[in-house]
Novice: 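Below you will find the structure I want to go over with you.
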There are 2 protein chains.
Amino acid sequence: MRATKQRSAIVDALDSARGFRSAQQLHDELKRAGASVGLTTVYRTLQAMAESGRVDALRRDDGETIYRRCGSDEHHHHLVCRDCGTSVELANDEVEAWAEGAARRHGFTQVTHTAELYGFCRDCSSSRSS
Amino acid sequence: MRATKQRSAIVDALDSARGFRSAQQLHDELKRAGASVGLTTVYRTLQAMAESGRVDALRRDDGETIYRRCGSDEHHHHLVCRDCGTSVELANDEVEAWAEGAARRHGFTQVTHTAELYGFCRDCSSSRSS
DNA sequence: GTTAGTGCAAATGATTTGCAAACAG
DNA sequence: CTGTTTGCAAATCATTTGCACTAAC
């Protein structure tokens, strides 16, 4: 993968973001910041980075896929703010244990799971209540 | 909501299905079974039933939304077969407790969660190994 | 120079909506 | 009858792809 200015712009934007962003959001932010990066490139870059594990991708209930620069390579879950996208990584054993137990009890194999939490972070919930 | 033959056909198809089905799948099955129901109607009916809680909807990672006739009105999760769509309902407290605890620890409010398990059921994993 | 990367425009695929015709109560 | 419901076709929306063009190495 070559080093290009649009790729570093995308990575920078993701880094400075406090959490998850959709491809469209990132594209907007880049454009607003004056960087000239095509939406296509944003999609392609995020997709490539997600495949190679350098970002975390997850699909929201409304169908948009959101991405975030991910700290650990370990399997983990997220607590994502619906408003600002801030996220907290949750390394958790209870969920894995639950998943494995349920799979075994019902005779399922090769079980994977998705588990994400969505809410309003401290900052966003206080600004909403005003 | 009026009783129409297309609606009962959709409900019947969902009932006889062993698990989750997408709108497109249901439409195909209905057409194959000789029923004449428009894809639009399948979408509208499933959406209406999901809103009123009569079916359970969840979005797969590939973006398709799948539906299933749901036994309980209670909040619960699913163990879904990737191959045949069969699903098991899981009423579980561990996940809820984990979600609430994580939310509280990080100051998030109005937290909802998604947690679904995907794998191969006993039947499908044995037929795959052959 | 090659080859990978970019971006526009057109294509996709799931889902939604406009609207006139068909139907339930 | 009169308001719902239906279903086709066209519209959306996020995302992907074809392809000529540009930049990296």
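Just so it is clear, the model here is predicted, and its values are computed rather than measured. So that the names make sense, note that chain A is the first sequence line, chain B the second, and so on, each numbered from 1.
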Novice: Provide, to the nearest angstrom, the distance between the NE2 atom belonging to A/His27 and the C1' atom belonging to C/dC8.
Specialist: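 About 11 Å, once rounded to whole Å.
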
Novice: How close or far is atom C1' of D/dC13 from atom CD of A/Gln25, stated in whole angstroms?
Specialist: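 The distance from CD of A/Gln25 to C1' of D/dC13 comes to 15 Å, rounded to the nearest Å.
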
Novice: Any residue in residues 6-13 of chain A with a heavy atom nearer than 4.0 angstrom to DNA chain C? Just list them by number, or reply none.
Specialist: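 Heavy-atom contacts with DNA chain C come from A/Gln6, A/Arg7.
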
Novice: Expressed in angstrom and rounded to an integer, what is the separation of A/Lys31 atom NZ from C/dC8 atom C1'?
Specialist: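 The distance from NZ of A/Lys31 to C1' of C/dC8 comes to 13 Å, rounded to the nearest Å.
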
Novice: If you count heavy atoms of other groups shown closer than 6.0 angstrom to CG of A/Asp93, is the number above 12?
Specialist: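 For A/Asp93, atom CG is not crowded (no more than 12 foreign heavy atoms under 6.0 Å).
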
Novice: Would you tell me whether A/His77 and A/His113 have side-chain atoms, one donor and one acceptor, within less than 3.5 Å of each other?
Specialist: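 Yes, because at least one side-chain N or O of A/His77 sits under 3.5 Å from a partner of the opposite role on A/His113.
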
Novice: Any side-chain donor-acceptor pair under 3.5 Å between B/Ser22 and B/Arg60?
Specialist: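 Result is no, nothing qualifies.
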
Novice: Does the distance from a Lys or Arg side-chain N to an Asp or Glu carboxylate O, for B/Glu89 and B/Arg68, drop under 4.0 Å?
Specialist: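 Answer for the salt bridge query: yes.
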
Novice: Between atom CE in B/Met1 and atom P in D/dT4, what is the gap in whole Å?
Specialist: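 The answer, rounded to whole Å, is 13 Å.
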
Novice: For B/Thr45, which contact category applies under a 4.0 Å heavy-atom criterion: base, sugar-phosphate, or nothing?
Specialist: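 Since no nucleic acid heavy atom lies under 4.0 Å of B/Thr45, the category is nothing.
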
Novice: Whole Å only: how far is the CG atom of B/Asp62 from the C1' atom of C/dT12?
Specialist: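 So the CG-C1' distance, B/Asp62 to C/dT12, works out to 14 Å.
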
Novice: Run A/Glu64 and A/Arg59 through salt bridge (Lys or Arg N to Asp or Glu O under 4.0 Å) and show every step you take.
Specialist: CA-CA 6 Å; A/Glu64 263 192 77; A/Arg59 194 180 286 266; over 6 Å; no

Novice: Is the B/Phe20 to B/His78 ring centre distance short of 6.0 Å?
Specialist: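 Yes, the ring centres sit under 6.0 Å apart.
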
Novice: Taking atom types as modelled and ignoring hydrogens, do the side chains of B/Arg54 and B/Ser52 form a donor-acceptor contact shorter than 3.5 angstrom?
Specialist: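 The criterion, which ignores hydrogens and geometry beyond distance, is satisfied for B/Ser52 and B/Arg54.
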
Novice: Distance check needed: C/dG5 C1' versus A/Leu46 CG, whole Å only.
Specialist: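 About 15 Å, once rounded to whole Å.
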
Novice: What residues, two or more places apart in sequence or in another chain, satisfy side chain to side chain contact (heavy atoms under 4.5 Å, CB included) together with B/Ala50?
Specialist: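 With sequence neighbours excluded, B/Ala50 shows a side chain to side chain contact (heavy atoms under 4.5 Å, CB included) to B/Val55, B/Ala57, B/Tyr67, given in chain and number order.
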
Novice: What string of B, S and - do you get for nucleotides 15-25 of chain C, 5' to 3', when a contact is any protein heavy atom under 4.0 Å?
Specialist: BBBB----BBS

